[in-house]
S.K.: 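My questions will all concern the structure given below.
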There are 2 protein chains.
Amino acid sequence: MATIKDVALKAGVSMATVSKYLNGGNVRQAHKEKIRSAIEELQYRVNPFARGLKAQRSPYIGVLLPEIDVPFYGNVVSALEKVLREDGFHCIMSSYSSDHGLERDHLQFLLSSGIEGLVYIPEHLTAEEFYELTSRYRIPTVLVDRMIQGVDADCVLVNNAEAVQEAMERLIKKGHKRIAFVAGPQPMFTAKERMVGYFRSLSDHGILYDEALLVNQPTTFATGYQSAQKFMNLPNPPTAIVATNYDMTLGLISGLRDMELHIPEDVQVFGFDSIELRTVLRTPLPIVHQPEEEIGKTAAKYLLDRLRGFAGEGRITRLNCTVYPKADA
Amino acid sequence: MATIKDVALKAGVSMATVSKYLNGGNVRQAHKEKIRSAIEELQYRVNPFARGLKAQRSPYIGVLLPEIDVPFYGNVVSALEKVLREDGFHCIMSSYSSDHGLERDHLQFLLSSGIEGLVYIPEHLTAEEFYELTSRYRIPTVLVDRMIQGVDADCVLVNNAEAVQEAMERLIKKGHKRIAFVAGPQPMFTAKERMVGYFRSLSDHGILYDEALLVNQPTTFATGYQSAQKFMNLPNPPTAIVATNYDMTLGLISGLRDMELHIPEDVQVFGFDSIELRTVLRTPLPIVHQPEEEIGKTAAKYLLDRLRGFAGEGRITRLNCTVYPKADA
DNA sequence: AAAGAAAGGCGAATCGTTTCACTTTTATCC
DNA sequence: GGATAAAAGTGAAACGATTCGCCTTTCTTT
């Protein structure tokens with residue numbers, strides 16, 4: 001494999017000059033040509049390890065998330081990766097299966113593996129734990145989808161409470177008063193925010209909160225499925241149910257189907273996240289859609305800003321969800 | 001940041017000994033203890049760049065795929081990543097948007113970024129292009145989901161033709177004779193294989209092939225959606241339609257719904273890939289399910305074998321799909 | 001045309017490991 | 001206990017880039 005030395009030799013200049021050429025320093029036009037063609041001929045590529053060692057700089061961005069195979073994250077990461085790649089960065093992906101221990105371990109693992117920046121969807125880590133791990137590295141970080149209270153970093157979120165409120169608004173306007181809510185576990189950032197929207201809507205419309213109509217469980221298909229049974233077997237079942245992520249929506253619909261209940265006649269469902277799912281049911285499913293692509297792009301932009309030297313307080317962006325159907329027909 | 005020198009100093013041994021310790025050489029028990037505690041105290045971590053430079057070895061595995069946000073790939077990668085991580089590897093993920101040029105560029109990009117191994121879901125690259133790019137690097141490669149004709153590498157596939165045949169079998173047994181087929185573009189490996197299954201079933205049952213009942217288009221929601229219209233507007237529409245990936249299945253169902261057609265009364269649908277989708281419709285959707293987790297695990301295992309020195313011809317594994325409902329009721 | 005400034009070029013040190021070629025210590029065996 | 005073998009330890013030379021400080025060339029300006 002050709003080294004910078006080979007290129008220098010073939011181009012008739014010093015290694016230092018080739019290095020300058022590679023890194024955009026001042027090089028005479030004639031020499032540029034020679035170096036370019038030497039590189040071409042030798043098929044020279046910068047050795048990322050040598051560069052990383054000497055220059056403390058790498059093309060790697062760490063991406064740490066709870067699960068790779070959740071469509072929402074997949075879509076966010078897809079957009080993220082495309083933007084970062086255009087700036088010559090590679091994404092090192094790591095998922096921690098929503099496990100606290102793994103979350104810490106993989107964060108450590110990523111940090112110690114030479115990343116330049118970090119995109120992080122956190123779940124369990126506290127500010128103390130986060131700082132304990134990251135402080136020695138001084139790596140620019142963007143938190144996505146969730147915040148960590150007390151961490152000063154760029155942060156890309158959506159307006160969870162407002163989106164849920166809009167969904168609730170639609171249901172209430174249609175006459176629903178008993179509305180159930182399927183949310184993630186209490187400590188989860190998005191679960192909390194979405195619950196705020198739920199409670200706020202109830203109180204805005206003078207509806208009494210019934211704890212039988214709230215589920216806080218892992219954001220899985222099973223949770224949605226079981227919620228269907230739990231709610232619909234109540235003596236006084238809800239007339240509408242809001243599910244707050246994709247898997248729970250799917251599970252909920254599946255559970256209702258297995259109880260031979262119809263949507264929307266027997267119970268209305270408000271879903272979350274999968275815009276494609278919306279149109280496969282007999283009656284189009286109303287849904288809260290998060291701007292996944294925009295989330296990914298924004299996160300990438302924030303990170304690139306920092307990598308280019310932007311300093312300053314952590315910036316927090318709230319992107320708006322879209323509620324479908326768009327116009328309230 | 002502490003270096004091996006600091007550790008050596010604090011432990012009272014030479015750098016070489018520390019290095020041996022780190023890499024599992026012979027070190028006296030007493031020294032092991034000292035080194036361990038020195039590392040602990042100094043919070044020493046191996047510098048991956050220095051190691052990569054000197055030892056020509058890195059913890060990075062390249063993963064190159066058409067799209068990150070296709071659930072099938074997401075599930076495969078998720079399993080893959082978990083296995084590789086347990087062996088201390090990081091996945092560098094790159095998607096090429098099903099674009100030929102990007103496919104080549106990103107492969108190059110990954111290769112030149114110091115990866116130890118490659119997991120690759122190819123689409124457009126020929127054997128010549130593949131070898132032209134990879135030959136200088138000698139990096140173990142596992143092809144997943146698709147083969148490249150003429151490339152000698154480990155390969156993890158599913159029994160596409162047989163799975164489709166089984167789906168067709170079920171439909172035919174139920175009395176269907178006009179069965180439409182929504183497949184990916186002709187050159188695509190899986191599309192070709194699945195079509196083989198389709199044609200074989202037709203001929204096995206003496207059903208004449210009608211080209212109006214075959215679609216070869218990009219594997220997208222739109223393709224599925226348009227196929228619904230195309231097929232059902234025929235003077236002699238099919239009584240069943242098989243869609244051969246997740247997005248096309250979803251699009252197909254959505255298209256049928258918008259034509260106010262019912263499944264299965266007006267037309268039966270056989271779906272592909274999303275096991276969760278199966279149970280949300282009024283009538284459970286029959287579906288071909290690929291063993292995504294097993295695919296990922298197998299690919300990881302193959303790659304680890306190679307990284308541990310296994311040599312020999314490329315091994316090809318065909319995993320079996322499951323057709324739901326499981327027992328033919 | 002001379003002086004000063006700017007641009008371009010170079011040698012050598014350096015980043016933090018691993019590994020080679022030895023030397024020294026410990027263990028084994030008759 | 002001495003010879004021999006095996007285990008453990010070491011110094012120093014790489015790996016392939018970047019960068020600092022200094023020197024040379026070229027350009028600008030009067």
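Every chain is numbered from 1 and lettered A, B, ... according to where its sequence line falls, protein lines coming before strand lines.
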S.K.: Roughly how many Å is it from NZ in B/K5 to P in D/dG11, rounded to a whole number?
M.R.: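 To the nearest whole Å, that distance equals 12 Å.
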S.K.: List in numerical order all residues of residues 39-52 of chain B for which some heavy atom is under 4.0 Å away from an atom belonging to DNA chain C.
M.R.: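 B/Y44, B/R45, B/N47, B/A50, B/R51, in order of number.
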S.K.: Between atom CD1 in B/I4 and atom C1' in D/dG11, what is the gap in whole Å?
M.R.: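 Computing the B/I4:CD1 to D/dG11:C1' distance gives 14 Å.
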S.K.: Which side-chain N or O atoms in residues 61-84 of chain A pair as donor and acceptor under 3.5 Å with protein atoms at least two apart or in another chain?
M.R.:
unit_1 : atom_1 : unit_2 : atom_2 : d
A/Y73  : OH     : A/R146 : NH2    : 2.4
A/N75  : ND2    : A/P71  : O      : 3.3
A/N75  : ND2    : A/E292 : OE1    : 2.9
A/E81  : OE1    : A/R85  : NH2    : 3.3
A/E81  : OE1    : B/S95  : OG     : 3.1
A/E81  : OE2    : B/S95  : N      : 3.2

S.K.: If we ignore hydrogens and angles and just use 3.5 Å, is the side chain of B/N47 paired with the main-chain N or O of B/F49 as donor and acceptor?
M.R.: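 Between the backbone of B/F49 and the side chain of B/N47 there is a qualifying donor-acceptor contact (under 3.5 Å).
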S.K.: Do any pairs count as a ring pair (Phe, Tyr, Trp, His ring centres under 6.0 Å) and have a residue in residues 91-112 of chain A, sequence neighbours left out, and if so which ones?
M.R.: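 Counting only pairs at least two positions apart or across chains, the ring pair (Phe, Tyr, Trp, His ring centres under 6.0 Å) contacts touching residues 91-112 of chain A are A/H100-A/H124, A/F109-B/H90.
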S.K.: Are the side chains of B/I139 and B/T134 in touch, meaning some heavy atoms are under 4.5 Å apart?
M.R.: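 The answer is no, as the side chains (C-beta and beyond) never meet within the 4.5 Å cut-off.
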S.K.: Reading DNA chain C 5' to 3', which nucleotide is the first, and which the last, to come under 4.0 Å of any heavy atom in chain B?
M.R.: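 The contact span of chain B on DNA chain C goes from C/dG16 to C/dT26.
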S.K.: Once ring pair (Phe, Tyr, Trp, His ring centres under 6.0 Å) is applied, do any residues pair with A/Y21, and if so which ones, sequence neighbours excluded?
M.R.: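 None.
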S.K.: Does NZ or CZ of A/R315 come closer than 6.0 Å to the centre of the six-membered ring of A/Y302, within 45° of the ring's axis?
M.R.: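 Pair A/R315/A/Y302 counts as cation-pi.
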S.K.: Does atom CD of B/E129 have more than 12 heavy-atom neighbours, drawn from other residues, nucleotides or ligands, at distances under 6.0 Å?
M.R.: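 Counting neighbours around CD of B/E129, more than 12 heavy atoms of other residues, nucleotides or ligands fall under 6.0 Å, so yes.
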S.K.: Looking at B/I35, B/V18, B/L22, which hits side chain to side chain contact (heavy atoms under 4.5 Å, CB included) with B/Y44?
M.R.: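 The single option meeting the side chain to side chain contact (heavy atoms under 4.5 Å, CB included) with B/Y44 is B/L22.
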S.K.: Answer yes when A/D87 and A/R308 have at least one side-chain N-carboxylate O distance shorter than 4.0 Å, and no when they do not.
M.R.: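 Salt bridge between A/D87 and A/R308, a charged N being under 4.0 Å from a carboxylate O: yes.
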S.K.: Name every residue in residues 8-31 of chain A that has at least one heavy atom under 4.0 Å from any atom of DNA chain D, in order of residue number, or write none if there are no such residues.
M.R.: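 Heavy-atom cutoff 4.0 Å gives A/M15, A/A16, A/S19, A/N23, A/R28.
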S.K.: Is B/K192 atom NZ crowded by more than 12 heavy atoms from other residues, nucleotides or ligands, each under 6.0 Å away?
M.R.: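 Yes, enclosed.
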